[in-house]
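Notes to accompany the following structure.
By convention in this document, chain letters (A, B, ...) are assigned in the order of the sequence lines, proteins followed by strands, and residues within each chain are numbered from 1.
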Number of protein chains: 2
Amino acid sequence: MRKPVEISDLDAGHPIAIQKETLHDQVANRIRDLIIEGYLEPGSRIDETKLVQQLGVSRTPFREALRTLAAEGLIVIRPSKGSIVRKLTREDVYSMLEVLAHLERLSGELACQRASDEEIDDLLKLHGEMLVLYEKRDRLPYYKLNQEFHSRLSELSGNETLLRHQGMIQAQLKRIRFIGNRKPEYWAKAVSEHNEMADALKARDGARLGEVMSRHLMNTWDRVKDIV
Amino acid sequence: MRKPVEISDLDAGHPIAIQKETLHDQVANRIRDLIIEGYLEPGSRIDETKLVQQLGVSRTPFREALRTLAAEGLIVIRPSKGSIVRKLTREDVYSMLEVLAHLERLSGELACQRASDEEIDDLLKLHGEMLVLYEKRDRLPYYKLNQEFHSRLSELSGNETLLRHQGMIQAQLKRIRFIGNRKPEYWAKAVSEHNEMADALKARDGARLGEVMSRHLMNTWDRVKDIV
DNA sequence: TATCCTCATTTTGTATACAGAATACATGAA
DNA sequence: TTCATGTATTCTGTATACAAAATGAGGATA
């Protein structure tokens with residue numbers, strides 16, 4: 001027999017609670033995806049009338065969503081002149097990578113201090129799977145696992161603020177990194193760096209892990225510097 | 001005779017252009033101040049009806065402002081249940097300080113690499129003025145100059161993204177730091193650390209400057225840990 | 001008394017309406 | 001033609017209206 005539903009079970013976040021996403025949030029997520037996937041080009045105007053019709057919502061939640069995206073740095077609202085998708089300059093991208101690399105370093109250091117042996121083992125197991133995919137040159141699954149590897153490593157830092165700010169910068173760079181990833185010539189290097197990370201993690205050598213992670217990220221610059 | 005006004009002079013940002021702040025932005029700034037100054041207590045509900053009346057605006061720009069503040073992490077919007085001023089947990093504060101300290105370190109390192117001799121001299125001059133105020137135990141002017149010192153040092157990093165993320169975390173911590181600053185017993189220590197910073201800056205020793213700045217900020221934890 | 005139900009009230013989320021600003025267009029002068 | 005000026009149209013910002021959800025106050029029942 002099933003345990004009866006308690007009031008406390010209905011709190012937000014609990015699996016039983018049906019999640020009601022407001023229109024605002026749905027719209028924000030949708031537009032975010034449109035930007036990341038390249039349907040809305042950087043620098044182009046966001047046609048309120050058109051998008052509102054296509055999404056089937058009124059202007060109120062739509063404009064609220066724009067405010068959110070503006071605060072996230074994905075779009076720019078020019079008073080009385082409409083909104084445009086933010087176009088990152090070369091300097092923007094470099095400064096973001098610089099900060100992100102530095103945050104990755106902190107992730108690495110904290111993860112070595114705070115992760116449990118089990119958590120580290122799990123991550124090393126994931127690393128092993130990535131190696132297998134690399135041998136098979138199985139690009140897309142590798143890419144997915146790579147993202148998971150990095151996000152899980154960051155989680156091991158046990159620092160919500162760190163996670164949040166990494167996430168914000170990642171979101172802004174996602175589009176441009178995606179374009180940069182079409183060049184395959186950096187894969188071998190990336191894998192060797194991942195091996196270094198695995199070693200450092202195994203040894204809980206925070207300084208080393210942090211250094212590799214930071215260096216690893218800064219490679220991104222080589223991949224994207226020609227497209228900004 | 002005055003130089004005639006050129007078209008290019010009318011670009012946004014130029015002193016001649018009249019600045020028109022939207023209601024939305026004004027409201028966001030206003031509420032931000034109310035939170036930082038403690039008129040809106042952490043955890044308390046934000047009474048839309050009341051505030052809208054007091055501010056003399058309609059709900060539309062008001063709610064847009066809330067979205068902005070939510071994205072900044074100053075308030076929490078609970079769907080269908082109203083908004084509350086975000087109440088930082090102990091963990092929130094510690095994680096923010098941890099990240100902020102790490103970002104300060106980066107500021108220091110970059111500033112040593114990138115600042116001009118003149119910029120460094122100006123900052124050292126400012127440091128000198130702070131020492132004078134410390135000798136006179138002139139608390140408030142010292143506090144103001146201290147803020148300017150840190151923000152100008154960060155600017156010398158030449159990294160807009162760094163500045164932005166530092167600013168976001170600072171805004172969230174501002175209220176609680178203000179409360180913590182009522183204890184005066186850390187002043188001497190702070191001044192000695194500032195001396196260290198000045199030395200490192202003079203020598204353009206980025207690693208050392210970064211280390212001191214990070215340590216300097218982590219002192220904040222001692223001042224605020226009892227009030228969260 | 002405590003718990004549940006019902007209904008009135010308030011609050012929230014979304015849509016729409018309207019005014020003012022920006023933009024596009026067209027007409028006329030040099 | 002090119003530029004300037006005035007006008008129509010579109011778009012943006014704000015207010016208001018309305019529906020749905022949440023809250024709160026009785027009152028009935030055990």
Can you tell me if A/Gln166 and A/Ser107 form a side-chain donor-acceptor pair at under 3.5 Å?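 Indeed, the side chains of A/Gln166 and A/Ser107 share at least one donor-acceptor pair under 3.5 Å.
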Does any donor atom in the side chain of A/Glu21 or A/Asn29 lie under 3.5 Å from an acceptor atom in the other side chain?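 Their side chains do contain a donor-acceptor pair, which is all the 3.5 Å distance test asks for.
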Residue pairs meeting ring-ring contact (aromatic ring centres under 6.0 Å, His included), one or both in residues 46-85 of chain A, sequence neighbours left out, come to none
Which atom pairs, donor and acceptor, lie under 3.5 Å between side-chain atoms of residues 221-228 of chain A and protein residues at least two apart or in another chain?
unit_1	atom_1	unit_2	atom_2	d
A/Asp222	OD1	A/Lys225	NZ	3.2
A/Arg223	NE	A/Asn181	OD1	3.2

Residue whose closest nucleotide on DNA chain C lies nearer the 5' end, B/Gly82 versus A/Pro61: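 It is B/Gly82 whose nearest nucleotide is closer to the 5' end.
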Looking at residues at least two apart in the chain, or sitting in another chain, which of them share a salt bridge (charged side-chain N to carboxylate O under 4.0 Å, His left out) with A/Glu64?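 A/Glu64: salt bridge (charged side-chain N to carboxylate O under 4.0 Å, His left out) contacts with B/Arg63, B/Arg67.
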Can you name the atoms? Protein N/O to nucleotides 16-22 of chain C N/O, anything below 3.5 Å, with the distance.
unit_1	atom_1	unit_2	atom_2	d
C/dT16	O4	A/Thr60	OG1	3.4
C/dA22	OP1	B/Lys20	NZ	2.5

Let me see the working for B/Arg86 and B/Asp92 under salt bridge (charged side-chain N to carboxylate O under 4.0 Å, His left out), right down to the final yes or no. CA-CA 11 Å; B/Arg86 181 167 173 202; B/Asp92 287 333; 3.6 Å; yes
Exam field: side chain B/His102 to backbone A/His102, donor-acceptor pair closer than 3.5 Å: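 It does hold such a pair.
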Near DNA chain D, which residues from residues 66-77 of chain B have a heavy atom under 4.0 Å away?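 Nothing qualifies; none.
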With sequence neighbours excluded, residues passing ring pair (Phe, Tyr, Trp, His ring centres under 6.0 Å) with B/His194: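 Expected list: B/Phe149, B/His150, B/His216.
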Calculate the interatomic distance between B/Gln53 atom CD and C/dT11 atom C1'; express it in whole Å.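 To the nearest whole Å, that distance equals 14 Å.
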